[in-house]
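See structure below.
Basis for what follows: all heavy atoms, side chains included, without hydrogens, waters or symmetry-related copies. Since we're looking at a predicted model, the values are computed, not measured. Both counts, for ligands and for their atoms, begin at 1 and track the order of listing.
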Amino acid sequence: MNKLIKTLTMILLLGSLTLNAQVKVPVYLDDTKSIQERVEDALSRMTVEEKVGMIHAQSKFSSAGVPRLGIPEIWMSDGPHGIRPEVLWDEWSQAGWTNDSCFAFPALTCLAASWNKDMSLLYGKSIGEEARFRNKTVLLGPGVNIYRTPLNGRNFEYMGEDPYLSSKMVVPYIKGVQSNGVSTCVKHFALNNQEVDRDKVNVNVDDRALYEIYLPAFKAAVQEGGTWAIMGSYNLYKNEQCCHNQYLLNDILRKEWGFEGVVVSDWGGAHNTLQSITNGLDMEFGTWTPGMAWGKTNNYDNYFLAQPYLAMIKSSKVGTKELDQKVRRILRLEFLTNMNKNRPFGAMVSEDHIIAGRKIASEGIVLLQNKNNILPIDLSKTKKIAVIGENAVKMMTVGGGSSSLKAKYEVSLLDGLRKRAGAQTEIVFARGYVGDVSGTADGVTTGQNLKETRSADELIADAINVAKSADYVIFVGGLNKSEHQDSEGTDRLELGLPYNQDKLISELAKVNKNFVAVNISGNAVAMPWVNEVPAIVQAWFLGSEAGNAIAAVLVGDVNPSGKLPFTFPVKLEDNGAIAMGEYPGSKGQLTYNEGIFVGYRWNDKQNIKPLFSFGHGLSYTTFEYGKVTADKKEMTEADKMTFTVSVKNTGTREGSEVVQLYISDLKSTLPRPLKELKGFEKISLKADEEKAVSITVDKAALSFFDADKHSWVAESGEFEALIGASSADIRTKVGFILK
Ligand code: GLC
């Protein structure tokens with residue numbers, strides 16, 4: 001019997017070996033082959049119907065794969081700050097799953113305010129793990145649209161007013177996300193700098209401003225970050241929708257920058273079949289909904305790149321060259337993500353993500369003002385703290401449009417401070433004002449009951465009463481995620497704080513000199529009370545760990561080191577776009593008359609002193625700068641130039657400083673900004689410690705975009721390197737010559 005079994009086993013074994021030898025793995029599934037070979041092999045096996053099925057949505061957030069070939073569907077998910085809850089097939093509202101509550105990371109304005117590239121890598125890796133764990137192919141973010149006016153409802157999702165800062169901060173985020181085998185989808189390409197008429201407005205901007213201000217972050221995302229996808233924007237440029245735009249997508253993105261990835265439409269950004277075929281769009285999503293329409297049924301077969309396109313192919317009105325091009329890019333995305341067998345498995349609301357979220361938040365908080373050093377609060381000497389303001393308790397992770405989240409948790413400032421203070425200090429709360437009592441978005445509710453029966457005057461009286469008897473008053477106000485505040489779909493209507501907060505702040509500051517104003521917003525706000533209030537902290541929308549991060553800064557566990565990624569103007573008219581930029585445009589036309597003079601570039605040109613300048617941020621310690629030196633007096637276009645400056649911590653505690661390098665072209669044939677950010681280093685110094693900081697630049701840092709030559713030009717002549725603690729606080733400078 002044994003002999004028989006042995007013989008049978010041998011036969012079976014031999015049989016299976018020969019079988020294996022015959023059944024070769026098809027090239028597209030053979031990961032020893034190049035992605036290019038695998039793409040071509042897969043493409044050759046697909047029918048035209050299968051190809052058309054891949055280039056448009058089949059549900060709110062997915063497009064078809066090729067089940068017959070084992071090529072999976074592609075799943076997209078918002079957003080830049082956390083992974084949106086699962087939605088029903090054809091709805092915007094959440095499906096009500098019980099296992100899709102995410103970790104809410106800080107908004108990208110906070111990340112930009114950290115000026116810390118390591119934080120950006122940590123952010124991307126962490127949020128990419130959450131996307132991977134949820135089996136998402138593409139994360140719909142980050143957003144890098146330039147902060148052109150303080151009224152844009154979506155500024156909170158972006159990285160500020162300066163193209164160099166945005167370019168440097170977006171790259172590590174992309175690499176972090178994509179290290180998980182999840183694609184980023186950098187958005188919104190391009191010139192989507194306001195929400196008013198966002199899907200109708202045709203933006204007119206000169207090439208100089210386009211290339212020097214609005215494109216650099218996207219170019220860095222493609223050429224340095226290597227993003228595998230880009231999202232077109234809703235608006236028009238040169239009267240073509242940006243989602244199918246010859247200039248932006250074919251000429252610039254693909255021909256000039258060499259982008260090999262996928263262009264995804266914004267949800268409802270495609271409006272035309274023929275242009276979608278020829279002008280660079282690869283995947284059409286959300287048609288007929290401007291990304292905000294509730295539950296509007298998308299008839300996916302009627303999408304511009306669905307049946308209408310197939311019919312044109314079948315009737316030989318168009319060929320399949322463009323179709324194959326689109327599908328090649330989508331297959332490449334598949335092999336980099338869904339079909340990449342070596343990618344990790346991700347994680348969700350892990351201890352690592354919590355630590356990362358808190359660290360990024362505390363690195364991004366900006367100490368704007370701290371007269372008489374009333375901050376940090378020494379809890380051991382403080383019996384009672386009055387926390388006043390709705391934003392001390394209101395959840396901010398729900399609302400604001402597509403970046404809205406169903407967070408696993410969100411620590412409010414009041415809870416964070418109470419937890420940190422423990423029994424040693426009493427923390428009392430007064431509402432102060434009523435802002436937005438709602439707390440629902442996409443079927444997600446905060447569960448908070450913010451209903452209020454007291455009148456505004458009663459609320460103020462209560463708050464003043466509480467403030468009188470406290471050692472400290474911490475006012476927590478600012479904006480929120482409701483309409484005409486920091487929210488997608490609408491812009492703000494004024495620079496000032498809503499809900500009569502200015503009056504309340506002035507009243508409270510009169511009754512307690514230890515007054516701290518914490519502004520929670522993703523946008524600049526007017527502060528008419530700036531001279532009545534000793535301390536001001538800019539705390540962004542900080543996500544799940546908000547309260548813990550702000551408390552840590554207020555009591556000094558963390559020494560704040562954030563720097564503003566955009567200018568705080570004193571009044572709205574001090575902003576270039578408002579003063580001369582035709583904001584928000586009319587009859588569908590919008591011209592960026594201010595050109596390259598955006599943000600501090602405008603303040604310098606018009607000699608307008610801001611409330612708080614780009615790059616401004618204080619610390620609980622002080623820093624002294626030595627004299628900057630250059631490693632050469634003259635440089636040629638081929639050279640690099642290194643500037644070195646010593647920085648000393650002259651205070652009593654460890655702290656981090658962002659050393660900023662601005663370049664000034666003393667004489668140029670075209671008008672140039674007085675100075676432009678071209679380098680920065682964030683350094684940590686112990687008390688009394690001194691470090692030499694070196695920043696190296698090449699001719700790119702000296703160049704401007706010459707529209708007539710359609711190229712970057714560095715004109716020989718005199719330049720200055722300005723080293724500063726902010727754009728308005730230049731500490732030392734050195735001249736040099738470009739030969
Ligand atoms: C929205 C937004 C975009 C988002 C998309 C999907 O309208 O503009 O940022 O990723 O639609 O929700």
Practice prompt. Please work out whether the ring planes of F304 and W288 are parallel, tilted or perpendicular, with thresholds of 30° and 60°.
Written response: tilted
Worksheet item: What atoms of ligand 1 come closer than 4.0 angstrom to any heavy atom of W92?
Response: 12 (O)
Discussion item. Below 4.0 Å, non-hydrogen atoms only: which portion of E195 touches ligand 1? Side chain, backbone, both or neither.
Written reply: neither
Item to complete: Distance to 0.1 Å, residue and atom name: give those for the protein heavy atom nearest to atom 5 (C) of ligand 1.
Response: D266 OD1, 3.4 Å
Worksheet item: Which of the atoms of ligand 1 are close to M231, meaning less than 4.0 Å from one of its heavy atoms?
Response: 10 (O)
Worksheet entry | Residues T591 and N593: side-chain donor-acceptor under 3.5 angstrom | no
Worksheet item: Which atoms from ligand 1 have a heavy atom of F61 less than 4.0 Å away?
Response: 6 (C), 12 (O)
Discussion item. I need the nearest protein heavy-atom contact for atom 4 (C) of ligand 1: residue, atom name and distance, please.
Written reply: D78 OD1, 3.4 Å
Worksheet item: Short list, please: which atoms of ligand 1 are under 4.0 Å from a heavy atom of K187?
Response: 3 (C), 4 (C), 9 (O), 10 (O)
Worksheet item: Hey, is E157 touching ligand 1 through its side chain, its backbone, both or neither, going by heavy atoms under 4.0 Å?
Response: neither
Item to complete: Answer whether the closest heavy-atom distance between the side chains of N245 and F189 falls below 4.5 Å.
Response: no
Practice prompt. If you have a sec, work out which protein heavy atom is nearest atom 7 (O) of ligand 1 and how many Å separate them, to one decimal?
Written response: Y234 OH, 2.7 Å
Item to complete: May I ask you to establish whether R148 and Y592 are in a cation-pi arrangement, using a distance under 6.0 Å from NZ or CZ to the six-membered ring centre and at most 45° from the ring axis?
Response: yes
Worksheet entry | Top protein contact for atom 1 (C) of ligand 1, by heavy-atom distance | E488 OE2, 3.2 Å
Worksheet item: Would you say the side-chain atoms of N523 and S521 include a donor-acceptor pair closer than 3.5 Å?
Response: no
Discussion item. Within ligand 1, which atoms have a heavy atom of L140 less than 4.0 Å away?
Written reply: 10 (O)
Discussion item. Can a side-chain donor-acceptor contact be found between Y158 and H188 if the only test is distance below 3.5 angstrom?
Written reply: yes
Worksheet item: How long is the gap from CD on Q194 to CG on N155, to the nearest 0.5 Å?
Response: 11.0 Å
Fill in: Side chains of W228 and R332 in contact at under 4.5 Å (non-hydrogen atoms)
yes
Discussion item. Taking 4.0 angstrom as the limit and counting only heavy atoms of R84, give me the atoms of ligand 1 inside it, by number and element.
Written reply: 12 (O)
